[in-house]
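Numbering of ligands and ligand atoms starts at 1, following listing order. Just so you know, these numbers come straight off a predicted model, no measurement behind them. What you see below is based on every heavy atom in this structure, not just the backbone, and it leaves out hydrogens, waters and symmetry mates.
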Amino acid sequence: MLSTRRFLQLAGLTAATLMLAACGKKAEAPAPAPVASAPAPAPAKVYVVGTDAAYAPFESQNEKGEIVGFDIEVVQAIAAKAGIQVKFVNTPWEGIFNTLQQGDRDMVVSAVTITAERKQTMDFTDPYFDAQQLIAVKETSKVAKFADLKKLKVGVQTGTTGDEAVTKLLGKTSTNIKRFESTPLALKELESGGVDAVVADNGVVIHYVANNPGGKFKMVSDKEFVPEQYGIALKKGNSELLGKLNQGLAAIKADGTYNQIYTKYFGAPPAAAAPASAASK
Ligand code: ARG
């Protein structure tokens with residue numbers, strides 16, 4: 001009689017032998033014909049989007065350091081329609097357009113006004129937002145129109161359309177123009193009394209004043225300021241990407257996505273037929 005233990009030993013041996021045999025057999029079997037493997041799909045391109053994220057409500061960083069805002073959601077929605085992937089990278093305004101030239105960024109979304117001058121060195125999508133310059137002053141200020149700034153100290157963000165307008169009014173060599181790296185820095189200077197006024201995009205000024213009631217600001221608009229439109233900037237000649245973005249933009253305008261995003265940030269859908277100049281009076 002086999003002891004249970006001996007039985008198990010034998011059984012184990014048998015099993016092991018069988019396994020070995022099986023393995024051997026397998027090894028001897030003709031190698032399966034190599035399956036023509038499909039070429040590994042190229043990893044989808046991720047387009048790098050530069051944005052100066054100190055420009056709420058268009059682009060800013062939340063407490064978690066994530067880049068959020070109207071521009072961000074518009075580009076994400078466009079990308080979804082265009083079937084492309086995007087990634088946002090915080091990029092200082094100064095030099096932001098050079099990153100397109102150098103190929104470090106595929107596009108710039110940064111509340112960028114489409115201007116004839118910029119169009120000479122970069123391409124723009126169709127416009128996606130109407131804007132205009134707006135003056136911020138202290139509540140006690142006597143400023144009632146743009147021309148009143150002529151003899152005052154005026155803060156602007158360097159190289160913006162606000163800078164351009166103020167430079168035109170005060171003169172190229174004026175030492176009364178105080179240029180800042182960001183628009184919030186200019187507005188902080190207004191709060192502390194370092195400048196008498198700030199000229200910047202209406203959306204950003206309105207947002208800042210509303211969120212800083214302690215600053216005791218008021219806003220002054222002026223018809224003198226020309227209507228502006230924002231576009232997404234690309235390297236000149238990048239017509240493939242430009243086509244995709246314009247197609248995506250048209251699609252989000254057509255299906256209501258654009259209006260939904262606009263309403264989320266500005267409280268109401270854009271006034272459809274009204275020109276930009278009429279919208280911000
Ligand atoms: N719209 C103005 C311009 O194009 C100001 C844009 C500034 N944008 C920003 N994210 N800092 O000159």
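- Using a 4.0 Å cut-off to heavy atoms of Thr113, the atoms of ligand 1 that qualify are 1 (N), 2 (C), 3 (C), 4 (O).
- With a 4.0 Å heavy-atom cut-off, ligand 1 is reached by no atom of Gln133.
- In the vicinity of Glu59, heavy-atom distances shorter than 4.0 Å reach the ligand 1 atoms 10 (N).
- A ring-centre distance under 6.0 Å is not found for Phe58 and Tyr265.
- For the residues Phe129, Tyr230, Phe58, Tyr55, the heavy atom positioned nearest atom 9 (C) of ligand 1 is part of Tyr55.
- Polar contact with ligand 1: absent for Trp93 (N/O pair, distance under 3.5 Å).
- Ligand-side atoms of ligand 1 in range of Arg118: 3 (C), 4 (O), 12 (O), range being under 4.0 angstrom from any heavy atom.
- Using a cut-off of 4.0 Å between Lys/Arg side-chain N and Asp/Glu carboxylate O, Glu164 and Lys168 are scored as not salt-bridged.
- In this structure, Asn202 contributes its side chain and Ala131 its backbone to no donor-acceptor pair below 3.5 Å.
- Heavy-atom separations between Val112 and ligand 1 include at least one value shorter than 4.0 Å.
- Rounding to the nearest 0.5 Å gives a distance of 4.0 Å between CZ of Arg179 and OG1 of Thr167.
- Ranking the protein heavy atoms by distance from atom 11 (N) of ligand 1 puts Asp52 OD2, 2.7 Å first.
- One distance of note links CD1 of Ile261 with OH of Tyr128; it measures 11.5 Å at 0.5 Å rounding.
- Ligand 1 has no nitrogen or oxygen under 3.5 angstrom from a nitrogen or oxygen of Glu228.
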Kindly determine whether Glu228 and Thr161 satisfy side chain to side chain donor-acceptor pair (under 3.5 Å), including the steps that lead there. CA-CA 9 Å; Glu228 300 183 25; Thr161 44; 2.9 Å; yes
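- Taking the ring centroids of Phe266 and Phe70, they lie under the 6.0 Å cut-off.
- Shown in contact with Gln157 at under 4.0 Å from a heavy atom are these atoms of ligand 1, numbered in order with element: 7 (C), 11 (N).
- Geometrically, Lys178 does not engage Phe180 in a cation-pi contact defined by less than 6.0 Å to the ring centre and at most 45° from the axis.
- With respect to atom 6 (C) of ligand 1, the closest heavy atom belonging to the protein is Ala111 O, 3.2 Å.
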Lys142 and Asp148: salt bridge (charged side-chain N to carboxylate O under 4.0 Å, His left out), yes or no, with the steps? CA-CA 8 Å; Lys142 292 197 179 65; Asp148 293 344; over 6 Å; no
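- Geometrically, ligand 1 and Asp201 share a nitrogen or oxygen pair separated by less than 3.5 Å.
- Near Ser110, meaning under 4.0 Å from any of its heavy atoms, are these atoms of ligand 1: 6 (C), 7 (C), 8 (N), 9 (C), 10 (N).
- A heavy-atom separation below 4.0 Å is not found between Glu164 and ligand 1.
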